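Worksheet: one structure, shown below.
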Amino acid sequence: MMTIEAENLTKRFGDFIAVDSISFGVERGEIFGFLGANGAGKSTAMRMLCGLLTPTSGRAKVAGFDVYTQSEQIKRNIGYMSQKFSLYGDLTVGENIKFWGGLYGLSYSEIRARKSEIMDVLGMGSLENSFVNSLPLGWKQKLSFSISIIHNPQIVFLDEPTGGVDPLVRRKFWEMIFDASRRGITVFVTTHYLDEAEYCDRVSVMVDGKIRAMGSPSELKRKFSQEKMEGVFKVLARTAKRKSD
Amino acid sequence: MGKFFAFVGKEFRQISRDKRSVAFLFILPIVLLILFGFAITNDIKESSFAVVDNSKSPLSHSIIERLNASEYFKLYDVLSSRNEADTLLRRGIVKAVVVFESKLESGALRGDKAQIGVILDACDPNESYNLSNYMKAIISHECARKTGCRFSAPRIDVASNMFYNPQLKSAYDFVPGVMGLILFLICTLMTSVGIVREKEMGNMEVLLISPIRPAYIIIAKAVPYFILSVLIVALSVFLANSLLGVPIRGSVALVFGISLLYTLLALTIGIMVSTLANTQQTAMFISTSVFMLPTVLLSGMVFPVENMPKILQCISEIVPAKWYISALRDIMLKGATLRFVAGNIAIMALMTLAFSLVALARFKTRLE
């Protein structure tokens with residue numbers, strides 16, 4: 001069953017076509033990599049799927065809900081983690097968990113249960129009362145991810161979640177993503193680290209608002225006769241006419 | 001509603017973390033009120049003066065006595081020469097010297113120009129201006145009393161003293177002004193910066209993707225500042241009344257009612273500013289330059305609006321604080337009733353409505 005379906009999804013800003021008639025589907029529990037250079041239209045596409053932007057034309061369903069008419073239901077069934085850091089540095093770890101849990105409508109006892117679970121998984125038991133600002137970036141990102149799925153969403157959207165951390169920390173972060181996927185959470189992730197693209201079940205590559213290639217990393221590498229996803233990406237990116245911003 | 005309260009809780013926690021800002025918010029009104037309240041009253045109390053009395057007449061004696069008996073002046077010494085007076089003035093021991101010429105009495109009785117000179121240490125022009133006016137008033141009054149109605153005080157503009165009536169009233173006037181400024185500071189400046197901070201940090205997008213309604217986010221951000229404002233209104237009114245002795249001749253409920261309306265107005269302005277600005281700096285700039293400067297300069301808080309050029313008077317009509325400050329003044333000092341300030345209330349309510357419509361329109365387009 002598809003948890004995300006898009007058909008000819010398009011977004012125009014005046015004369016500019018940010019997203020040009022893209023169609024794709026993501027299966028439940030799949031890790032779907034959404035690649036593209038800066039300015040290729042990734043963020044715009046993602047915002048439409050999250051219910052933040054109304055599409056100009058086309059059709060899309062997220063978690064079974066229509067993006068035009070049911071954005072409220074969509075919001076309740078998805079998690080989101082942004083490349084820009086979304087935890088409050090002047091609140092403690094525990095307070096952040098409490099706040100975001102409350103924002104997603106969790107009850108007090110649910111929040112408590114989820115909090116101890118998160119602390120256990122991250123091995124941060126003693127840090128509940130530390131300010132988030134005092135944590136290293138890698139821990140912040142792991143915490144941020146844990147919080148983005150605190151309400152057990154059907155889908156989690158990750159917008160360049162691993163920006164700025166070293167490969168070792170990134171690898172650990174991806175283990176958390178695999179774990180979420182095993183629990184049945186669909187992961188929709190944008191990244192510009194192409195080694196990370198290899199971890200995805202399937203990837204799509206966006207160029208100038210269009211999806212130019214889609215498939216599993218091994219399929220794409222075979223198709224473009226490249227050894228690494230980086231090569232695939234370079235071949236496709238070369239065809240871009242839009243300037244990246 | 002649970003989501004809303006989760007948000008309000010988070011706001012309170014964040015504001016309370018910033019202890020310096022909270023302390024600042026409470027200390028600022030106290031300091032401003034005390035400063036302006038006492039600074040102005042002190043200026044005209046027991047200023048020391050010296051006398052060079054060349055006439056040694058009953059008239060000069062009675063004038064000296066009168067001056068010394070008033071609460072504004074205190075006789076330092078009677079000197080024998082002008083030179084001594086200069087020294088005292090230069091050292092700052094006395095603030096004024098009164099010189100009586102030798103033919104004072106006879107001249108005055110003949111209706112000639114009497115020879116009384118007042119020399120002032122005018123390092124502080126405002127203070128000296130006050131002193132000279134008080135001094136002239138007392139001297140001319142005493143002259144007139146002693147010599148009968150035939151005597152018209154020489155070089156003393158009695159009429160100007162009737163216009164110039166600061167007494168303690170300037171201090172009283174300042175209290176509503178301080179309240180207008182501080183409420184504006186909290187509600188407009190801090191609210192707009194607080195909301196824009198979420199945008200600038202990239203949190204707003206995450207918040208908008210969460211199931212909480214956008215309007216709740218904005219209201220939840222405003223709630224803590226609203227509550228802080230109520231506390232500060234209470235504190236300011238209490239301080240003004242108990243410490244500075246500013247009377248509350250109208251109803252206390254009306255003072256609070258109109259303060260709450262103004263708080264609401266300032267909050268909607270803050271929210272509107274937050275929809276215009278994308279960075280905290282821009283928000284601060286718009287709040288201070290477009291809204292706060294006019295509040296200080298054109299609201300009648302510091303400079304009386306009546307004395308301004310016509311064009312500035314017109315501009316002052318659209319300064320929100322002006323309507324609050326003048327209403328508050330009328331209620332506190334003149335005991336105005338609801339009916340009397342109904343016009344101010346209507347204008348403030350209209351402004352609130354207008355600003356919230358702009359904010360609403362801007363907020364909707366922002367989401368697209």
Side-chain angles (χ1 to χ4, degrees), chain A residues 11 13 43 46-56 62 71-92 94-108 110-111 131-133 144 147-148 150-151 153 155-160 163, chain B residues 1-25 190 193-221 223-225 275 278-280 361-368:
Chain A
K11 180 71 191 180
F13 296 105
S43 296
M46 200 147 156
R47 283 181 186 186
M48 284 193 281
L49 297 175
C50 292
L52 268 192
L53 275 179
T54 313
T56 312
V62 175
S71 61
E72 290 307 311
Q73 285 95 322
I74 291 176
K75 285 177 181 179
R76 243 171 273 149
N77 285 286
I78 61 172
Y80 178 81
M81 177 188 165
S82 152
Q83 72 191 105
K84 273 190 160 183
F85 190 57
S86 53
L87 298 181
Y88 292 97
D90 53 351
L91 296 181
T92 65
E95 286 166 348
N96 264 292
I97 294 175
K98 197 175 152 200
F99 168 64
W100 290 103
L103 209 57
Y104 276 92
L106 266 57
S107 71
Y108 187 67
E110 281 172 313
I111 291 174
F131 287 107
V132 165
N133 267 341
S144 189
I147 288 177
S148 73
I150 194 168
H151 55 301
I155 307 159
V156 63
F157 289 88
L158 306 174
D159 192 1
E160 304 196 349
Chain B
M1 266 337 238
K3 296 166 193 163
F4 177 71
F5 286 120
F7 209 114
V8 174
K10 170 224 147 203
E11 284 305 313
F12 267 116
R13 211 161 279 136
Q14 282 188 307
I15 292 170
S16 69
R17 285 286 140 75
D18 194 1
K19 291 206 173 59
R20 249 182 298 174
S21 297
V22 176
F24 175 73
L25 284 180
M190 299 196 66
V193 169
I195 295 175
V196 172
R197 187 186 298 130
E198 300 270 7
K199 270 203 261 183
E200 202 179 348
M201 308 286 280
N203 290 328
M204 198 49 118
E205 200 169 71
V206 190
L207 292 174
L208 288 175
I209 289 173
S210 81
I212 188 172
R213 283 172 197 282
Y216 282 3
I217 300 177
I218 301 300
I219 298 171
K221 295 236 55 134
V223 164
Y225 295 113
T275 64
N278 279 321
T279 64
Q280 294 179 61
R362 288 279 315 172
F363 193 68
K364 274 193 177 144
T365 53
R366 267 242 94 88
L367 292 182
E368 271 302 295

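No experiment lies behind these values; they were computed from the predicted model shown. Quick note on labels: first sequence line is chain A, next is B, and so on, each numbered from 1. Note that these values count all heavy atoms, side chains included, but never hydrogens, waters or copies made by symmetry.
A/S71 contributes atom OG, which lies 11.0 Å from atom CG of B/L208 (distance to the nearest 0.5 angstrom). Interatomic distance, A/D90 CG to B/I15 CD1, rounded to the nearest 0.5 Å: 10.5 Å. One distance of note links CD of A/E95 with CZ of B/R17; it measures 4.0 Å at 0.5 Å rounding.
Summarising the geometry of A/L91 relative to B/K10, their closest heavy-atom pair is CD1-CG, 3.7 Å, with the distance given to 0.1 Å. Residues A/L87 and B/N203 approach most closely at N-OD1, 4.3 Å, considering heavy atoms.
Interface residue A/I78: only side-chain heavy atoms are found under 4.5 Å from chain B. A/F131 touches chain B through its side chain: at least one heavy atom from C-beta onward sits under 4.5 Å away, while N, CA, C and O do not.
Listed by chain and number, the residues in a side-chain hydrogen bond (donor to acceptor under 3.5 Å, both in side chains) with B/K221 are B/E11, B/E198 (sequence neighbours excluded).
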What side-chain donor-acceptor pairs closer than 3.5 Å can you find for residues 96-104 of chain A, not counting sequence neighbours?
| residue | atom | partner | partner atom | Å |
| --- | --- | --- | --- | --- |
| A/N96 | OD1 | A/Y88 | N | 3.0 |
| A/N96 | ND2 | A/Y88 | O | 2.9 |
| A/N96 | ND2 | A/T92 | O | 3.3 |

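Each of A/M81, A/E72, A/R47 has some count of heavy-atom pairs under 4.5 Å with chain B, and the biggest count is that of A/R47.
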